[in-house]
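These notes are about the structure you will find just below.
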Amino acid sequence: MSEQVAIILAAGVSSRMNTQMAKVLHEVCGRPMLAYVFDACRKVGVSKIYVVVGFSAEQVQERFKDCDDIVWVRQEQQLGTAHAVMCCKEYLKDFKGQTLVLCGDGPLIRAETLKTLAKKHKIGQPAVTLATAILDNPAGYGRIIRDAYGNIQGIVEDSDCTSEQSAIKEVNPSYYLFNNKILFETLEKVKPDNIKKEYYLTDALSLIIETGHTVVAITAVRPEEAMGVNSRRELSVACKIMQQRIQQELMENGVTIVDPDNTWIDARAQIGQDTVIEPFTYIHGEVKIGKGCRVGPFAYLRSGTVLENDVVLGVFTEVKNSTLADGVRTRHHSYIGDATVGRNVNIGAGSITANFDGEKISRTHIGNNCYIGSGSILVAPLELKDGSHISAGTVVSKENIDKLGQKD
Ligand code: UD1
Ligand code: MG
């Protein structure tokens, strides 16, 4: 197949989200929704991603500044989705391949669906192939209009539907694969003849048909992945579905999640085989958990946490930016922040690292095979040698460390 690029629309103001932040930066399980759309595009091998930005454009560009496959395109005034695509004209007017057009507010997109779309498009090479979904409640989405033979005739936006059209359950999730040349030729003809006075990309379809080209629609999008996030409520629904996907994948990889409904795991977390996640565990950020660990109940793991293998992290323990080596046990009520904890260390109930002195954060290094008695406070910066034995209720700081049972 010829080269494929993607255009992602992400310039909208999003009044329904009621936010100062660009809608596409709102997070779904720890990652901006736009990141998931990029993932899907990359998985199907698009060569360049053109992202149309406008409202809070700087924020969006800053967030993804390290991605070198992205071309940022400005849409100064948000005049509609067709206008947004048109903003890419100067980059793509001579491009001969296929252009995938997607919305940045659809984080539940799956690469498999894009593959199905591309496969369908290959057959007969229509001017555009779009993937549709069937929804029980189609309100808010553009409706797919087909003739008596099932051929697609166009898309009507929700606000422009007649009552008959409103009842159509086949909707437009905004997954299109266009012949690039025909796309840009047609966009010139789109007019803002609708209730919102916007240039609708969806109007391009009937115009394409009028010029005698073919438009193909396949019902390939699962209802759950059709959702565009336009409000905080929809954001919470998208988070819930994404959370289920994350946990599903972890379980397939051999992780036990005792109570999926009462567990929250960030999309960036990695968890090894035969680790058990007990209920009410909250894993946020880039967290890496090895094999055979036991985490929770009521554990809170934050960014930068690495648990190697066979670590036990029990009730009401919080770990941040720390590495706990094989066999570490911290079973009850501890806080381990900015620390390196050696192999087979036992951290007693209620022990904490005091990593912040009011001005700066410092690190704590605990050697292998140490014993930290209950209720100890380890004042950072601190280094405990291998085999150190700290009695219960001790405040350990650099100043008093020599008096405590440190082995040379
Ligand atoms: C759009 C589709 C609708 C579809 C739905 C699926 C149109 C006209 N409608 O409606 O058929 O069912 O998505 O979620 O295409 N954007 C810009 N510039 C603009 C306007 C929008 O970049 O001038 C971006 C938005 O940031 C957003 C995307 O385009 O990421 C879609 O816009 P949105 O306002 O969410 O359209 P919907 O009403 O959801
Ligand atoms: Mg939308």
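Counting begins at 1 with the first residue of the sequence. All values below come from the heavy atoms of this structure, side chains included, with hydrogens, waters and symmetry mates left out. Just so you know, ligand 1 is whichever comes first in the structure, and atom 1 is the first atom listed for that ligand.
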Might you point out which heavy atoms bring Leu130 and Leu117 nearest each other, and give the distance in Å? C-CD1, 3.7 Å
N/O/S of Ser174 less than 2.8 Å from the Mg ion (ligand 2)? no
Is the distance between the ring centroids of Tyr282 and Phe298 under 6.0 Å? no
For the Mg ion (ligand 2), which N, O or S atom of Asp105 is at the shortest distance? OD2
Provide, to 0.1 Å, the distance between atom 16 (N) of ligand 1 and the closest protein heavy atom, together with that atom's residue and name. Gly12 N, 3.9 Å
Okay, side chain of Asp266, backbone of His284: is any donor-acceptor separation there less than 3.5 Å? no
Donor-acceptor contact below 3.5 Å, side chain Gln165 vs main chain Thr162: yes
We want to know whether Asp338 and Asn321 form a side-chain donor-acceptor pair, criterion being a heavy-atom distance below 3.5 angstrom. yes
Side chain or backbone of Asp158 under 4.0 Å from ligand 1, or both, or neither, by non-hydrogen atoms? neither
Within the 4.0 Å heavy-atom cut-off, what Gln75 brings close to ligand 1 is side chain
Please check this pair: side chain of Thr275 against backbone of Gly290, looking for a donor-acceptor N/O pair closer than 3.5 Å. yes
For ligand 1, does Ala10 get within less than 4.0 Å through its side chain, its backbone, both, or neither, judged by non-hydrogen atoms? backbone
I need the contact type for Ala11 against ligand 1. Using non-hydrogen atoms and a strict under-4.0 Å cut-off, is it side chain, backbone, both or neither? both
Can you tell which part of Arg16 has a heavy atom less than 4.0 Å from ligand 1: side chain, backbone, both or neither? side chain
of all protein heavy atoms, closest to atom 28 (C) of ligand 1 is Cys103 SG, 3.6 Å
Ligand 1 versus Glu198, non-hydrogen atoms closer than 4.0 Å: side chain, backbone, both, neither? neither
Kindly write out the residues that satisfy salt bridge (charged side-chain N to carboxylate O under 4.0 Å, His left out) with Arg74, not counting sequence neighbours, or none if the list is empty. Glu58
Of all the non-hydrogen atoms in the protein, which one sits nearest to atom 10 (O) of ligand 1, and at what distance? Glu157 OE1, 4.0 Å
